[in-house]
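Input: a single structure, listed below in structure tokens.
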Amino acid sequence: MREMANYKATHFKWSVTDGVAIISLDRPERKNPLTFDSYAELRDCFRALVYADDIKAVVFGSNGGNFCSGGDVHDIIGPLLKMDMKSLLEFTRMTGDLVKAIMHCGKPVIAAVDGVCVGAGAIIAMASDLRLATPVAKTAFLFTRVGLAGCDMGACAILPRIIGQGRAADLLYTGRSMSAEEGERWGFYNRIVDAQTLDDEAFKLAKRLADGPTFGHMMTKTMLNQEWSMSIDQAIEAEAQAQALCMQTQDFQRAYDAFVAHQTPVFKGD
């Protein structure tokens, strides 16, 4: 299996501590916009994480007080106006591939959101498994405000499942900003934390997951995604098969042995 602790990112910040990969965009002077290159490298990085046994969880964090300001106006939006349909479709498919890569990377992904989190930045937070926000986090799916549709990068499928159809429609039609308090109340954010402790809280949560039964976490993430399109009967059968697989892991045995010995289990992900 590929190891990624020593991965050298070109278009974003990357570090690994105790099995937790920490990612953040690195253009704080412009509130961390995405470029063609950062889109593509993030997609490829999350695709590679499927095969990285040394990475147990991921934090996608903020930098310089902001999470992400979406696609760069000069580096992306300007060039898009000059592209033909084939090139435009290649771009929109690439952005969607990033969402799919995050959802299918096999690792829990935690978005740690401070300040601006808009456009494709809001999509990255949406595609993550868990989301923390500071009180000043401002989240907007602002595609209609630049003359586009709200249905970008899976937003019309994923966002309603997180916050409900009516609330998603509100955000996707208007492009308005959702406050951190509103986002927590609606279930978009799992909790609000102080800006000074955001990184620590996100890492602690990721480390807790990294220390857990990571094969089980992978199956949980897989089922959370796959069961969207299943009937209840299909979902119950799929979970029966998934749980039977997990019962064959050494982590299941370790948990039992630790329980009998009145100890805390030490999981290894196998």
Verify side-chain contact (heavy atoms from CB on, under 4.5 Å) between Val50 and His104, making sure each step is shown before the conclusion. CA-CA 7 Å; Val50 175; His104 299 307; 5.6 Å; no
Honestly curious: do [X] and [Y] fall in one hydrophobic cluster under the side-chain, below-4.5 Å linking rule?
| X | Y | value |
| --- | --- | --- |
| Met178 | Met126 | yes |
| Phe141 | Trp186 | yes |
| Val99 | Phe12 | yes |
| Leu205 | Val109 | no |
| Leu130 | Phe46 | no |

[Y] side chain reached by [X] side chain, heavy atoms, under 4.5 Å:
| X | Y | value |
| --- | --- | --- |
| Gln243 | Cys246 | yes |
| Leu245 | Met219 | yes |
| Tyr189 | Thr134 | no |
| Leu88 | Leu80 | yes |
| Lys138 | Val116 | no |
| Ile23 | Leu42 | yes |
| Trp14 | Cys45 | yes |
| Asp270 | Asp251 | yes |

For the [atom1] atom on [X], are there more than 12 heavy atoms of other groups (residues, nucleotides or ligands in this structure) within a distance under 6.0 Å?
| X | atom1 | result |
| --- | --- | --- |
| Gln165 | CD | no |
| Ile232 | CD1 | no |
| Gln234 | CD | yes |
| Tyr7 | OH | yes |
| Arg185 | CZ | yes |

Does any N or O in the side chain of [X] come within less than 3.5 Å of the main-chain N or O of [Y], such that one atom is a donor and the other an acceptor?
| X | Y | answer |
| --- | --- | --- |
| Ser38 | Leu34 | no |
| Lys107 | Ala52 | yes |
| Ser24 | Lys13 | no |
| Glu41 | Thr10 | yes |
| Thr197 | Val193 | no |
| Ser62 | Asp114 | yes |
| Asn225 | Met103 | yes |

Give the C-alpha distance, both sets of side-chain angles, the deciding distance and a yes or no for side-chain contact (heavy atoms from CB on, under 4.5 Å) between Ile22 and Val16. CA-CA 6 Å; Ile22 302 171; Val16 177; over 6 Å; no
Option passing salt bridge (Lys or Arg N to Asp or Glu O under 4.0 Å) with Glu201 (candidates Arg191, Arg131, Lys207):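 One option only clears the test, and that one is Arg191.
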Just verifying a value: how many Å separate [X] [atom1] and [Y] [atom2], rounded to the nearest 0.5 Å?
| X | Y | atom1 | atom2 | answer |
| --- | --- | --- | --- | --- |
| Arg145 | Leu148 | CZ | CG | 13.0 Å |
| Ile110 | Asn190 | CD1 | CG | 9.0 Å |
| Asp37 | Asp75 | CG | CG | 9.0 Å |
| Glu227 | Met230 | CD | CE | 5.5 Å |
| Gln241 | Ile236 | CD | CD1 | 13.0 Å |
| Thr222 | His217 | OG1 | NE2 | 12.5 Å |

Show the nearest heavy-atom pair for residues [X] and [Y], with the distance to one decimal.
| X | Y | value |
| --- | --- | --- |
| Ala210 | Lys56 | CB-CB, 3.4 Å |
| Leu209 | Pro108 | CD1-CB, 3.6 Å |
| Gly106 | Met218 | O-CB, 3.6 Å |
| Thr92 | Leu89 | OG1-O, 3.1 Å |
| Tyr39 | Ala120 | OH-CB, 3.0 Å |
| Ala57 | Ala206 | CB-O, 3.6 Å |

Residues [X], [Y]: salt bridge by 4.0 Å N-O rule:
| X | Y | value |
| --- | --- | --- |
| Glu182 | Arg176 | yes |
| Asp257 | Arg254 | no |
| Asp54 | Arg2 | no |
| Asp97 | Lys100 | yes |

Is there a side-chain contact (heavy atoms from CB on, under 4.5 Å) between Leu98 and Ile124 once you walk through the steps? CA-CA 8 Å; Leu98 171 57; Ile124 290 172; 4.2 Å; yes
Polar contact flag, side-chain donor to acceptor under 3.5 angstrom, Asp84-Ser87: yes
Kindly assign one of parallel, tilted or perpendicular to the pair Phe60 and Phe67, based on the angle between their ring planes and the thresholds 30° and 60°.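 Phe60 vs Phe67 ring planes: tilted.
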Among Asp72, Thr35, Asn63, Asn66, which residue satisfies the side-chain hydrogen bond (donor to acceptor under 3.5 Å, both in side chains) criterion with Arg27? Asp72
Mind running side-chain contact (heavy atoms from CB on, under 4.5 Å) on Thr144 and Thr174 for me, showing each step along the way? CA-CA 7 Å; Thr144 58; Thr174 67; 5.9 Å; no
Aromatic ring proximity Phe267/Phe215, centre distance under 6.0 Å: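 Aromatic pair excluded; centres sit 6.0 Å or further apart.
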